[in-house]
Amino acid sequence: MNEIQINEQHQHITRFIGQKRLREALTQLEPYLWQCPDWELRTRFEGIQTSYNYMLQYMRQGMDDPERKKLYDKILTDTWEIADRARITLLDPVSTHYYHLCRAHQTADTRPHDLQNLLQSLESFTEEVALKDLLHQDTEPLLRQHEETLKSLFLTVWTNTSWSSKDETDAQDLLHSDLISVSDQCLFASAVMLSLTQCLDIRKLMWLIDTLHHDNTRLNQRALIGFVLICHIYGSRLLLYPEFASRLTLLAENTSFARELNRVYIQLLLSQETEKIDRKMREEIIPEMMRNVSHLRSSKFGGEEGDEDKEDHNPDWAEAIEKAGLSDKIKEITELQQEGADVYMSTFAHLKSYPFFRELNNWFYPFDKQHSSVVKEFRQQSEQPYNIIDLILQSGLFCDSDKYSLCFTIMQLPGAQREMMMSQLTEQQMGELGKEQHAGALREFSDRPEVISNQYIHDLYRFYKLNARRREFRNILAEKLLLHRNPVLRGFLFQPERLAAIAEFHFRKKHYVEAAALFADIISLGAGNAEIYQKRGYSLQKGKKYDQAIAAYLKADMLKPDHVWTNRHLATCYRLSRDFEQALTYYRKVEEVQPENTQVLYCIGSCLTELGRDEEALNYFFKVDFLETDSLKAWRAIGWCSFVSNKHEQALKYYNKVIAAQPTAVDYLNTGHIRWSRGETEKAIEMYSKAILSGIDKEQFLELFYKDQPILLEQGIRKDDIPLMLDLL
């Protein structure tokens, strides 16, 4: 079989398992295993077949077995695991994906790669480095050896489809070892997560849950994100494992876990905004800032200043910055940063071509000044106690991947330029930042769980988006995440206060479909209030579901009667669904409170026009014209209402004002109607011709013209003259 056939057959089998059509799944799995060289899987499959046949026989005989459900779930999970492992084994010799190439290399490599040997190498590293430093010997060879061990560790874990009980014990030893650095443990956690995305292994998942309780924040946050993503991938399948269900019950007893889960959920959703933010940064914010800075540099705000005037800032400068819109752009970036948005993707996207990033494991390794790729740079800067680059790299401003990129970029600069940049950063740009207390504040910020988890998500985003073999990986962050409906996580997240935070995120980001559904969930839990109904109504209105929006607004009106905002949106929805009588009712309620709101007055006039009450409508349009200066929309409305009311002179007066200001094709068309109705045929032809020349084609013109035919007939135009006029044009 080729790669496509192997994957298709696997999908058929797992679909049957997911639907609990186990007999069909086993029937399809048997020939699938005939081509698999793993005899252990075949032996395990035969045991499953025997157990299932006995179960069916006992059931046929009417024997009651209280353990039947438990045994059935076990057979389901075992069948699923065999199918997954068989797929990977079958793909190994035919696939060119890096994962299968690494598995083949691991098998061919004669060096010991079991976790215990790798664990011993990692534990001895700390002591060996300390000894080298004591003897003032070069540690670079030792660092490189350590990095090779880490690479072997990563590939060993990633390509292993199923841990043995010994592997599980070794992994626990690694987790609790005081001799292994947290950075190494973090890499191990990422390898476990990646391995689970390839093939579910309950032992690895149990290890990941254990890591949730580790004292180190960087490690437990990696485990938390990995746990969430694995729950997203496998969903209800995980609940078939009784040991997992038991651990889930224990997690539910931890009151803070649901809160942390909710935070990570929103951060993952925010990561899906990165492409939009990246485009906005590249196409709008950065170019606008560059233009504004250039403008400010070329502006002259006064004469030459003497030494005594160097601190005498001109207040006009701030005004110039405001007028240029620069402060708005800076504010926008600041707000995005405070929210946790990934604003640096556009900056660092092109800085991932360094040799460091060719190794897959390096995308997941926390930034380490002792890494052989960067250690020389920091030794050169070690004489400066609070050098600014060191400070930035220790802060939570950048994710680990970007810290490496920044460091490599600085290392590429010539020495003189690098010294100049360091000096400017330290003395001018960063000001007081380099002082000890500020350095401490930055480090404290970088150690917050929400900062650590957010930066790790940024690392994952870059891996899935930028690494050279990204097309070989399932990009989980690009998938639709509905964790509050996930069978595993629903119990933690499907609560009013949790759903409210998620709904507010979607509402703020203008994801109105998702927001409307979440507000409905909150209402279903009995937590709906006037504001919830208002926001649900608004979300539905934005999705053009006006009937449902009206229902939500009416509920809000019951809970909080005569609220101006609710009444105005009710009126809008009724108008857009063409129920003009009801729209008029609610617009009038708003008018009582806001008698000079020109938008409301205009909408009342529009509803009256649709109801054929043109004289009343004119009064409202005249009021809008009085309250607003040079209101084109009022002039157009007055002109049209006057025309259909047979007030041709008044209609012509207002359309002439529109044409003198900012005419459209429709304005010329309507003026042509008025001229023709007044018997001014030549001028009518002139106006119609201008309409055609204003950017609409012949078909569009004819469509608009025929739409107005009934009104032309009412204004005295003979039906037989209409085709003649069109021929004249």
Side-chain angles (χ1 to χ4, degrees), residues 6-36 38-91 160-165 168 192 195-209 227 229-251 474 485-491:
I6 292 168
N7 285 322
E8 285 180 349
Q9 188 65 18
H10 176 262
Q11 288 170 8
H12 287 310
I13 295 167
T14 54
R15 189 182 306 116
F16 284 138
I17 300 171
Q19 295 170 353
K20 295 191 175 179
R21 296 160 63 180
L22 189 52
R23 172 61 72 195
E24 292 167 277
L26 291 171
T27 302
Q28 296 248 354
L29 182 56
E30 188 170 10
Y32 196 62
L33 287 172
W34 288 344
Q35 302 173 70
C36 180
D38 192 333
W39 285 96
E40 181 192 343
L41 293 181
R42 296 187 199 179
T43 304
R44 193 174 166 194
F45 172 76
E46 290 170 1
I48 288 172
Q49 274 189 318
T50 303
S51 298
Y52 192 53
N53 287 332
Y54 277 128
M55 178 190 289
L56 293 177
Q57 287 177 20
Y58 291 152
M59 185 174 178
R60 171 176 283 182
Q61 294 168 9
M63 297 178 64
D64 185 27
D65 183 1
E67 295 293 311
R68 183 181 294 153
K69 172 68 168 62
K70 185 177 179 181
L71 179 59
Y72 181 72
D73 287 349
K74 179 72 167 60
I75 293 173
L76 278 177
T77 57
D78 286 352
T79 306
W80 220 322
E81 288 174 9
I82 290 171
D84 287 351
R85 290 176 60 188
R87 169 185 166 272
I88 290 173
T89 305
L90 287 168
L91 284 173
N160 185 334
T161 57
S162 179
W163 273 355
S164 64
S165 57
E168 186 177 21
V192 169
S195 179
L196 283 165
T197 63
Q198 296 283 349
C199 182
L200 179 59
D201 177 8
I202 193 63
R203 284 191 169 111
K204 292 195 192 84
L205 185 55
M206 291 297 102
W207 182 90
L208 210 56
I209 294 174
F227 173 78
L229 296 180
I230 298 309
C231 289
H232 164 72
I233 292 172
Y234 295 107
S236 57
R237 177 180 170 184
L238 299 176
L239 298 175
L240 296 172
Y241 294 91
E243 58 266 55
F244 177 80
S246 299
R247 297 297 292 274
L248 210 59
T249 303
L250 290 174
L251 286 173
R474 174 180 175 178
R485 296 190 179 279
N486 184 280
V488 176
L489 305 177
R490 180 185 172 92

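Each residue takes its place number in the sequence, starting with 1.
- Interatomic distance, Gln28 CD to Arg15 CZ, rounded to the nearest 0.5 Å: 9.5 Å.
- Checking side-chain atoms of Asp78 against main-chain N and O of Ile48 turns up no donor-acceptor pair under 3.5 Å.
- Within the 3.5 Å criterion, the main-chain N or O of Leu33 finds a donor-acceptor partner in the side chain of Arg42.
- Remark: Trp80 CH2 to Cys199 SG distance equals 12.5 Å, nearest 0.5 Å.
- A perpendicular orientation is assigned to the rings of Trp163 and Trp207, their planes being inclined by more than 60° (bins at 30° and 60°).
- In this structure, Leu29 and Ile82 have side chains that are in contact, with non-hydrogen atoms separated by less than 4.5 Å.
- Between the side chain of Tyr241 and the backbone N or O of Lys74, no donor-acceptor pair lies under 3.5 Å.
- Residues Leu41 and Cys36 come closest through the heavy atom pair CD1-SG, 4.1 Å.
- With a 4.5 Å cut-off on side-chain heavy atoms, Leu26 and Phe45 count as touching.
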> How far apart are the C-alpha atoms of Glu40 and Arg85, what are their side-chain angles, what is the distance that settles it, and do they pass the side-chain contact (heavy atoms from CB on, under 4.5 Å) test?
Replying inline: CA-CA 11 Å; Glu40 181 192 343; Arg85 290 176 60 188; 4.0 Å; yes
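- Remark: side-chain polar atoms of Ser195 are paired, donor with acceptor, to backbone N or O of Asn160 under 3.5 angstrom.
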> Would Leu489 and Phe227 count as a side-chain contact (heavy atoms from CB on, under 4.5 Å) if you check the C-alpha gap in whole Å, the side-chain angles of each, and the deciding distance to 0.1 Å?
Replying inline: CA-CA 10 Å; Leu489 305 177; Phe227 173 78; 3.9 Å; yes
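- A salt bridge does not link Asp65 with Arg68: every distance from a Lys NZ or Arg NE/NH1/NH2 to an Asp or Glu carboxylate oxygen is 4.0 Å or more.
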> For Thr249 and Phe244, what are the C-alpha separation, side-chain angles and deciding distance, and is it a side-chain contact (heavy atoms from CB on, under 4.5 Å)?
Replying inline: CA-CA 9 Å; Thr249 303; Phe244 177 80; over 6 Å; no
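- You'll find the side chain of Leu22 reaches within 4.5 Å of the side chain of Thr79, heavy atoms only.
- Between Arg44 and Glu81, at least one side-chain nitrogen of the basic residue sits less than 4.0 Å from a carboxylate oxygen of the acidic one, meeting the salt-bridge criterion.
- Using a 4.5 Å cut-off on side-chain heavy atoms (C-beta onward), Ser236 and Val488 make no contact.
- The heavy-atom pair separating Ile75 from Met55 by the smallest distance is CD1-CE, 3.9 Å.
- Atom CG of Leu196 and atom SG of Cys231 lie 10.5 Å apart (nearest 0.5 Å).
- Salt bridge present: Arg237 and Asp84 bring a charged side-chain N and a carboxylate O closer than 4.0 Å.
- Proximity of Asp73 to Lys70: side-chain heavy atoms (C-beta onward) are nowhere separated by under 4.5 Å.
- Within the 4.5 Å cutoff, the side chain of Arg23 has no heavy atoms near those of the Phe16 side chain.
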> Are Thr77 and Leu200 close enough, and set up right, to give a side-chain contact (heavy atoms from CB on, under 4.5 Å), and what steps lead you there?
Replying inline: CA-CA 10 Å; Thr77 57; Leu200 179 59; over 6 Å; no
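- A distance of 4.5 Å separates CG of Asn7 from CZ of Arg87, quoted to the nearest 0.5 Å.
- A distance of 6.0 Å separates OG1 of Thr43 from CD of Glu46, quoted to the nearest 0.5 Å.
- Remark: the backbone N or O of Ile6 is paired with a side-chain donor or acceptor of Tyr32 at under 3.5 angstrom.
- Rounding to the nearest 0.5 Å places CG of Leu248 at 7.0 Å from CD1 of Ile209.
- Counting heavy atoms from C-beta on, the side chains of Gln49 and Glu30 come closer than 4.5 Å.
- Looking at every heavy atom in both residues, Gln198 comes nearest to Ile88 through O-CD1, 3.8 Å.
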